[in-house]
Amino acid sequence: MHAFFVSGIDTGIGKTYVTGILLRYLRAIGRSAISLKFVQTGNETFSEDIDLHRKIAGTGLLPEDLDHTTAPQIFRFPSSPKLAAEREHRTIDLSAILSSVEKLSASGRIVLVEGAGGLMVPLDEGHYIIDVVRQAGWKLLLVTSGRLGSLNHTLLSLEAAFSRKIPVAAILYVKDPSADPLIDRDSPCEIRRFCAVRGHAGIPVLPVPWVSLDALPPLSEMPDFSPAFSSAR
């Protein structure tokens, strides 16, 4: 199973955008891939994140989107999955999520599982998202940027992954236009240094250009994200 968990260092860092860009890239190199939303909150009968993935990738909605295989858990309240589920007197059905990932990967496709917020977001009284990532054996794609405050969140997220022996396939560094230029240049260097100090010098830090939906690069001009998927060859 080639499943990659796309996590942000926090909410709003750009993981939905990055997931769509990665799908667009995989299409460009002729790989079969699909995305799944781990838990969608703030919606009722659809996943707005899946919708954005498809718009960026240029595929339109897929049959697996229409039958909710790619969004097996949807809650109305925009919060952590735990709180959103409690408000509806429900619980997070982890078996439904894992079953969907297995189903989507059965044909050999690469599956990008977009998380909900960061790695330490609670799912229920005893589980956090990072626990499921570890237990499922998914490889981590961590999304960050040079936005002020991001470096601390990035290093803490990496430390949490390293301590649990979660394989980090790549760090996706979004070129946020609002970032201070000096911080934006310095942060990737600090991230690489931290990884090296912790014994993980080979993790690629890959820049992700930020463009509008109206200015997406043609498939023939997609950036090279191949280092993130070296384990899926």
Side-chain angles (χ1 to χ4, degrees), residues 1-20 22-23 33-57 59-107 109-144 153 156-157 160-161 163-164 166:
M1 181 191 300
H2 295 311
F4 295 81
F5 190 81
V6 184
S7 179
I9 60 167
D10 57 20
T11 297
I13 199 67
K15 66 182 178 299
T16 302
Y17 169 79
V18 169
T19 302
L22 293 177
L23 287 171
I34 192 168
S35 62
L36 175 145
K37 181 66 179 180
F38 185 76
V39 177
Q40 179 72 66
T41 63
N43 289 158
E44 290 200 38
T45 60
F46 77 107
S47 167
E48 62 185 351
D49 291 350
I50 290 293
D51 188 46
L52 184 57
H53 297 170
R54 303 296 176 256
K55 287 177 180 175
I56 295 173
T59 62
L61 291 178
L62 305 173
E64 295 91 340
D65 303 327
L66 301 178
D67 66 11
H68 292 289
T69 302
T70 58
Q73 298 281 275
I74 300 176
F75 300 92
R76 291 187 294 273
F77 190 63
S79 67
S80 72
K82 177 178 179 291
L83 179 57
E86 287 174 347
R87 285 176 60 90
E88 296 182 29
H89 305 288
R90 296 165 58 191
T91 57
I92 303 298
D93 187 351
L94 292 177
S95 64
I97 298 170
L98 296 173
S99 176
S100 288
V101 175
E102 185 175 357
K103 178 181 178 180
L104 293 172
S105 65
S107 60
R109 283 182 294 192
I110 293 174
V111 181
L112 302 182
V113 183
E114 186 195 338
L119 289 168
M120 293 303 298
V121 169
L123 296 173
D124 55 35
E125 293 295 336
H127 296 90
Y128 297 84
I129 285 178
I130 197 169
D131 299 322
V132 180
V133 176
R134 179 182 60 81
Q135 291 164 9
W138 297 332
K139 293 168 280 291
L140 177 64
L141 295 169
L142 184 65
V143 180
T144 186
H153 298 333
L156 285 173
S157 296
S163 69
R164 290 166 176 80
I166 294 171

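- In this structure, E86 and E125 approach most closely via the heavy-atom pair OE2-OE2, 4.0 Å.
- If you take CD1 on I56 and CG on D51, they are separated by 10.0 Å, rounding to the nearest 0.5 Å.
- Within the 4.5 Å cutoff, no side-chain heavy atoms of F4 are placed close to those of L22.
- At most 12 heavy atoms of other shown residues, nucleotides or ligands fall within 6.0 angstrom of atom NZ in K55.
- Between atom CE of residue M120 and atom OG of residue S80 there is a gap of 12.5 Å, rounded to the nearest 0.5 Å.
- At a threshold of 4.5 Å between non-hydrogen side-chain atoms, the residues R54 and I34 count as touching.
- With R164 contributing its side chain and A160 its backbone, the two residues share a donor-acceptor pair below 3.5 Å.
- Side-chain contact check for P72 versus L36: some heavy-atom pair is nearer than 4.5 Å.
- Checking side-chain atoms of Q73 against main-chain N and O of D93 turns up a donor-acceptor pair under 3.5 Å.
- Within a 6.0 Å sphere centred on OH of Y17, heavy atoms belonging to other residues, nucleotides or ligands number more than 12.
- For K103, the NZ atom counts as loosely surrounded, since its 6.0 Å shell holds 12 or fewer non-hydrogen atoms of other residues, nucleotides or ligands.
- Contact record, H68 with T45: CE1-O, 3.0 Å, taken as the closest heavy-atom pair.
- Heavy atoms of other residues, nucleotides or ligands lying less than 6.0 angstrom from CZ of R87 number 12 at most.
- Within a 6.0 Å radius of CD in Q135, more than 12 heavy atoms belonging to other residues, nucleotides or ligands are found.
- Heavy-atom minimum distance, P78 versus T41: CA-OG1, 3.9 Å.
- Considering CZ of F5 and CZ of R134, their distance stands at 14.0 Å, rounded to 0.5 Å.
- Within the 4.5 Å cutoff, side-chain heavy atoms of F75 are placed close to those of I92.
- In this structure, CD1 in I130 is found 8.0 Å from OG in S157, a value given to the nearest 0.5 Å.
- Remark: I74 CD1 to N43 CG distance equals 6.5 Å, nearest 0.5 Å.
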How far apart are the C-alpha atoms of V121 and V39, what are their side-chain angles, what is the distance that settles it, and do they pass the side-chain contact (heavy atoms from CB on, under 4.5 Å) test? CA-CA 11 Å; V121 169; V39 177; over 6 Å; no

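- Listed for the K37 side chain is a donor-acceptor partner under 3.5 Å among the backbone atoms of G115.
- Closest of all the heavy-atom pairs between Q40 and S47 is OE1-OG, 2.6 Å.
- Using cut-offs of 30° and 60° on the angle between ring planes, the pair F38 and W138 is perpendicular.
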So H127 and K82, side-chain contact (heavy atoms from CB on, under 4.5 Å) or not? Walk me through it. CA-CA 9 Å; H127 296 90; K82 177 178 179 291; over 6 Å; no

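- The two atoms that bring I13 and G8 nearest to each other are CG2-CA, 3.6 Å, heavy atoms only.
- Between the side chain of S100 and the main chain of T69, a donor-acceptor pair closer than 3.5 Å is present.
- Summarising the geometry, atom OG1 belonging to T16 is positioned 3.5 Å from atom CG belonging to D49; distances are rounded to the nearest 0.5 Å.
- Within 6.0 Å of CD in E88 there are more than 12 heavy atoms belonging to other residues, nucleotides or ligands.
- The two atoms that bring A161 and L140 nearest to each other are CB-CD2, 3.9 Å, heavy atoms only.
- Using modelled atom types, no side-chain atom of S105 and backbone atom of H2 make a donor-acceptor pair closer than 3.5 Å.
- At distances below 3.5 Å, not a single donor-acceptor pair connects side-chain atoms of T70 with backbone N or O atoms of S35.
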